[in-house]
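First the structure, in the form of structure tokens, and then the observations on it.
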Amino acid sequence: MKPDDIHRAIGILREETRAWRTPSVTVVAEASRSPFKVLISCIISLRTKDEVTTQSSARLFDRAPTPEAMEGLPAEEVARLIYPAGFYRTKAEQILEISRRLVAEYGGRVPDSLDELLAFRGVGRKTANLVLTLGFGKPGICVDTHVHRICNRWGYVATKNPDATEMALRALLPPEYWIEINDLLVAFGQNLCHPVSPRCSICRLSDLCSRVGVAQSR
DNA sequence: AAAACGGGGGC
DNA sequence: GCCCCAGTTTT
């Protein structure tokens, strides 16, 4: 995989995304420009489907849209509001601890540096980078399951470690592309390059893919 | 009854 | 780097 390839991929995805991207608003897009909502949505989204995350987040933010309001809620209520997302007890604790620390240590604002974000319990590189990109519009490479799967299929990395994928993409592309490539790859993964039964027959990037001819489906 | 949903943290 | 963990929803 070379820089030329990724630039061609970006060009094609820019065109293709109009064809198959679903109009549905993702939870992150909805929470866009509110670093706090991006952050908390990310906690809720762990191991749960996007739609459930969206609904649970909406219910929670309806009740507590800010760190100040959030830290005032009893843990049981937070747990109840996000119940369908699963792991509600752990998530409620993390949400409350983060909210408390935001108020106590940052005056109720979400910090905008990777290191400060990573210092919160429950916040890893994926969440921290998503807060930077979607919450603050700062460059970041956010490797979720979609991005990681696609980069493996394209031969960027041959690892189970998403951090390696993040570093590979950082090295391959200048920062001005980072937000866009993330958006394009996630949409590509959600709509076409699925975990199982990807829609290879309508994919224009199959020459980049190690999967071609192996288990083509549909 | 089993699979799908995806990331963080500990060792 | 590998392995373990948290629960609900869907099939």
Side-chain angles (χ1 to χ4, degrees), chain A residues 22 24-31 35-60 75-102 110-111 113-135 140-153 156-171 181-199 215 217-218:
Chain A
T22 53
S24 71
V25 194
T26 67
V27 60
V28 284
E30 200 173 15
F36 178 66
K37 292 184 178 179
V38 174
L39 177 51
I40 301 303
S41 296
C42 255
I43 301 291
I44 296 174
S45 76
L46 189 73
R47 190 96 177 152
T48 109
K49 293 178 182 174
D50 283 352
E51 199 182 325
V52 179
T53 304
T54 307
Q55 293 165 351
S56 300
S57 302
R59 232 175 305 128
L60 182 62
E76 311 79 61
E77 184 171 2
V78 175
R80 188 174 51 74
L81 290 167
I82 64 173
Y83 178 85
F87 310 109
Y88 46 86
R89 244 164 247 148
T90 309
K91 289 174 181 176
E93 280 173 26
Q94 291 181 348
I95 288 168
L96 286 172
E97 184 184 321
I98 289 171
S99 299
R100 273 185 235 114
R101 289 188 54 190
L102 287 177
V110 176
S113 83
L114 197 61
D115 287 342
E116 286 173 304
L117 287 165
L118 290 173
F120 290 98
R121 195 159 59 91
V123 175
R125 298 195 65 85
K126 182 262 182 178
T127 301
N129 275 298
L130 196 69
V131 171
L132 287 186
T133 56
L134 259 106
I141 294 284
C142 175
V143 178
D144 70 352
T145 180
H146 298 297
V147 175
H148 191 241
R149 178 180 65 254
I150 292 161
C151 287
N152 269 289
R153 284 179 178 168
Y156 269 140
V157 287
T159 172
K160 296 185 118 174
N161 185 1
D163 292 351
T165 301
E166 185 193 327
M167 299 318 162
L169 285 173
R170 281 177 185 273
I181 189 70
N182 249 313
D183 179 58
L184 291 172
L185 290 181
V186 171
F188 181 53
Q190 285 176 334
N191 296 286
L192 195 150
C193 194
H194 297 148
V196 296
S197 305
R199 301 161 67 188
S217 38
R218 231 166 305 192

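Note that the coordinates shown come from a computational prediction; the quantities given were computed from them, not determined experimentally. Letters A, B, ... mirror the listed sequences (proteins, then strands); counts begin at 1. Atom set for the values below is all heavy atoms of this structure, side chains included, hydrogens, waters and symmetry mates excluded.
Across the protein-nucleic acid pair, A/Arg125 atom CZ and B/dG8 atom C1' stand 13 Å apart, rounded to whole Å. Taking atom NE2 of A/His148 as the reference point, atom C1' of B/dG6 lies 12 Å away to the nearest angstrom. Spacing between atom CG of A/Asn161 and atom P of C/dC3 amounts to 13 Å, rounded to whole angstrom units. If you take NZ of A/Lys49 and P of C/dT9, they are 10 Å apart, rounded to a whole angstrom. When the C1' atom of B/dG6 is taken as reference, atom CG of A/Leu130 falls 13 Å away, rounded to whole Å. The separation between A/Gln190 atom CD and B/dG6 atom P is 9 Å, rounded to whole Å. Across the protein-nucleic acid pair, A/Asp163 atom CG and C/dG1 atom C1' stand 10 Å apart, rounded to whole Å. Taking atom CE on A/Met167 and atom C1' on C/dG1, their separation rounds to 14 Å, with Å as the unit.
In summary, of the residues considered (A/Ile44, A/Leu39, A/Thr90), a side chain to side chain contact (heavy atoms under 4.5 Å, CB included) with A/Ile95 occurs for A/Ile44 alone.
Closest to the A/Tyr88 side chain, of the nucleotides B/dG9, C/dA6, C/dT8, is C/dT8. The side chain of A/Leu46 has B/dG7 as its nearest neighbour among C/dT8, B/dG9, B/dG7. Of the listed nucleotides (C/dT10, B/dG9, B/dG6), B/dG6 has the atom at the smallest distance from the side chain of A/Thr145. Here the side chain of A/Thr127 is nearest to one of B/dG8, C/dT10, C/dT9, namely B/dG8. Closest contact between the side chain of A/Lys126 and the listed nucleotides C/dT9, C/dG7, B/dG8 involves B/dG8.
Taking atom P on both B/dG8 and C/dT9, the two are 23 Å apart, rounded to the nearest angstrom. Comparing C/dA6 with B/dC11, their P atoms sit 15 Å apart, to the nearest whole Å. C/dT11 and B/dG6 have their P atoms separated by 15 Å, given to the nearest Å.
With both pairing distances under 3.5 Å, B/dG10 is matched to C/dC2 as a Watson-Crick or G-U wobble pair.
Separation of atoms SG (A/Cys193) and CZ (A/Arg199) is listed at 11.5 Å; rounding is to 0.5 Å. Between A/Ile43 atom CD1 and A/Glu93 atom CD the span is 12.0 Å, to the nearest 0.5 Å.
Toward the 5' end of DNA chain C, the nearer of the two residues A/Val52 and A/Phe87, judged by each one's closest nucleotide, is A/Phe87.
Note on A/Val123: only backbone sugar-phosphate atoms sit closer than 4.0 angstrom, heavy atoms only; bases stay farther off.
Looking at every heavy atom in both residues, A/Arg153 comes nearest to A/His194 through NH1-O, 2.9 Å.
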query = Yes or no on side-chain contact (heavy atoms from CB on, under 4.5 Å) for A/Arg125 and A/Ile141, after CA distance, side-chain angles and deciding distance?
reply = CA-CA 9 Å; A/Arg125 298 195 65 85; A/Ile141 294 284; over 6 Å; no
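Distances shown here put every side-chain N or O of A/Tyr83 at or beyond 4.0 Å from the OP1 or OP2 atom of C/dG7.
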